[in-house]
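Contents: one structure, followed by commentary.
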Amino acid sequence: MTDVASPRFRFAPSPTGFFHVGGARTALYNWALAKRLGGTFVLRIEDTDEARNKPEWTQGIIDALAWIGVKRDDPTFEGPYFQSEYADAHVAAAHRLFAEGRAYYCDLTSEQIQERSKQNSKPGYDGYSRDRGLEPGPGRVLRFRVPEGTTVVEDLVRGRVEFANDTIEDFVLLRGNGSPMFLLANVVDDVSMRVSHVVRAEEHLPNTPKQQMLWEALGHRPPVWAHVPVLVNEQRKKLSKRRDKVALEQFRDEGYLSEAMVNYLMTLGWAPQGDEEIVPWSRIEAEFRLEDVNHSPAFFDLKKLAAFNGEYIRAMSLDRFISACEPFLTEDVPWTSDQFDAEIFRAIAPLAQTRMVTMNEIVALVDFLFLAEPIIDEAAWSKTFGGEEAVAMLDDAIIAFGETADWNADALKTALEAAGTARGLKLGKAQAPVRVAVTGRTVGPPLFEALELLGRDKTMARMRAAAERAR
RNA sequence: GCCCCCAUCGUCUAGUGGCCUAGGACACCACCCUUUCAAGGUGGCGGCACGGGUUCGAAUCCCGUUGGGGGUGCCA
């Protein structure tokens, strides 16, 4: 192990798709530790699976990490390194192991291995070529000669985990074509990058005795291991890219705030001190300990994430909220840029802020203010104008508003309240037809404030149009 | 099958032998507030998987059972 005073952590994703929330949490754990302990966070892209890797995913990883605060320009950050560039070192290490008798070549095909396994009714590879003294050659894999005894993994979250070596098969180091396998490449890189702490998901725990033997065979003391529980879906299965919504990029695009996502992810398997779970990163960084990480899988709960996001949205200052809205106000919007009015938006923003769970919801909350005509939600329309009462109420509202001298929220409210009372309707009922007429929806920001911003002309025109349509 | 891990409200967790009549958060329900919807406030529902030990005392320690999960590739 390297200098304890300056630990080196690493995050080693493979660029095989969108960035997974589970990966994000692992990265965050490593990052929090590296920051607090004054260590280093090494990013190594494990791009050795040629069939599945795509270069564009690498940039995706870097961007996603930056989004959650793991930034390249931070002095704690080191890399990215690319595993594919170290293939020579991996092969050289394997050859050394062969020369030392720690590994041997085998010419069995996987079909033959399966056949033997079936015959002696033992799973996996049985060490058939251990003593055959095979030289390297095409189609021959290099296997590690697992020694006798027991391998004890000391894990910071699991404690002491023992593996009987006779349950571990002689695993492949080099493929038949001579290329290195994950187990080997991963260890050789960790050794050469002087990694002191391997913090990763629990699914790697079964690999750990193999890797630890490799560390030792290569003449090094193994790192500190820590295997954190996996994230699961509602069926309590490991989150998968195929069936679950896990892409960090998607959450970002829908308007989840990175602070909320980071905070939520950190509470999966761990909790800050005290009763508060919404805490700033500074506290997380100061308090996070691997020893405190839970041992059981955690359900990635979209509802709770949404609740966190809502909290974070409401906690923003008006200026921050407005600038956070901006990307969602310019792309994929129903209005044209000249229809948008920043002053009006600023006025409605505080009223929208408490009504959102994700930032992309801002559009539907304010669109009626910028569009020439509201987008009519048919379900809302038929529900509201199903009876004659609503149309009559709308007619009365048109008259009441027409007689209103000052066009402001208070005056409009007073006017509608009076009109409603005359028909025996409470304000809640009386406002409904007006709301649908003007905004197209049954829900939205407070009505009279919205009408004030919309202005007399547009409001009256929409109400008349709706009355016409409802007849 | 074999190896390994895990087990507190529906969910995420606090709890490290007495402070536990088990605390908080999300979700859910009710009420209050209220121009819709939210937000906010108040309250409620709800848990130590089971069985044995150890101990004066166990959610906490040990064993077993059951139940979940991960791994078992010439993927990473």
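Computed over heavy atoms, backbone and side chain alike; hydrogens, waters and symmetry mates excluded. All chains are named by letter (A, B, ...) in the order of the sequence lines, taking the proteins before the strands, and each is independently numbered beginning at 1.
Spacing between B:C61 and B:C5 at atom P, rounded to whole Å, works out to 16 Å. Between B:G10 and B:A49, the distance separating the two P atoms is 11 Å to the nearest Å. If you take atom P in B:U60 and the same atom in B:G51, they sit 13 Å apart, rounded to whole Å.
Here the P atom of nucleotide B:U35 and the CG atom of A:Asp410 are 12 Å apart, to the nearest Å. Rounded to a whole Å, the CE atom of A:Met266 is 17 Å from the P atom of B:C12. In this entry the distance linking CG of A:Leu412 with P of B:U35 reads 15 Å, nearest Å. The separation between A:Met356 atom CE and B:A38 atom C1' is 12 Å, rounded to whole Å. Per the geometry, NZ belonging to A:Lys118 stands 18 Å off P belonging to B:G1, to the nearest Å. B:C9 atom C1' lies 14 Å from atom CG of A:Asp301, rounded to whole Å. Nucleotide B:G23 holds its C1' atom 14 Å from the CD atom of A:Glu276, rounded to whole Å.
Closest to the side chain of A:Leu268, from the set B:U36, B:U8, B:C12, is B:C12. When each of B:G24, B:A27, B:U35 is scored by its nearest atom to the side-chain atoms of A:Ala307, the top-ranked nucleotide is B:A27.
With sequence neighbours excluded, the residues that form a side-chain contact (heavy atoms from CB on, under 4.5 Å) with A:Lys304 are A:Tyr264, A:Glu277, A:Asp301, A:Phe308. Remark: A:Lys383 pairs with no residue by the salt bridge (Lys or Arg N to Asp or Glu O under 4.0 Å) rule, at least two apart or across chains. Partners of A:Asp189 under the salt bridge (Lys or Arg N to Asp or Glu O under 4.0 Å) rule, at least two apart in sequence or in another chain, are A:Arg44.
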Enumerate the protein-to-nucleotides 59-61 of chain B contacts in which both atoms are nitrogen or oxygen and the separation is below 3.5 Å.
none

**Q.** Protein proximity profile, nucleotides 39-47 of chain B - base contact B, sugar-phosphate-only contact S, no contact -, cut-off 4.0 Å on heavy atoms
**A.** SS-------

Q | Under 4.0 Å protein heavy-atom contacts per nucleotide of nucleotides 69-76 of chain B, with B for base, S for backbone only and - for none | A | SBS--BBB

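At the phosphate of B:A14, OP1 or OP2 sits under 4.0 Å from a side-chain N or O atom of A:Asn294. For the pair A:Lys413 and B:U35, the criterion of a side-chain N or O lying under 4.0 Å from OP1 or OP2 is met.
A ring-centre distance under 6.0 Å is not found for A:Phe9 and A:Phe41.
Comment: A:Arg160 engages A:Glu162 in a salt bridge, judged by a side-chain N to carboxylate O separation of less than 4.0 angstrom.
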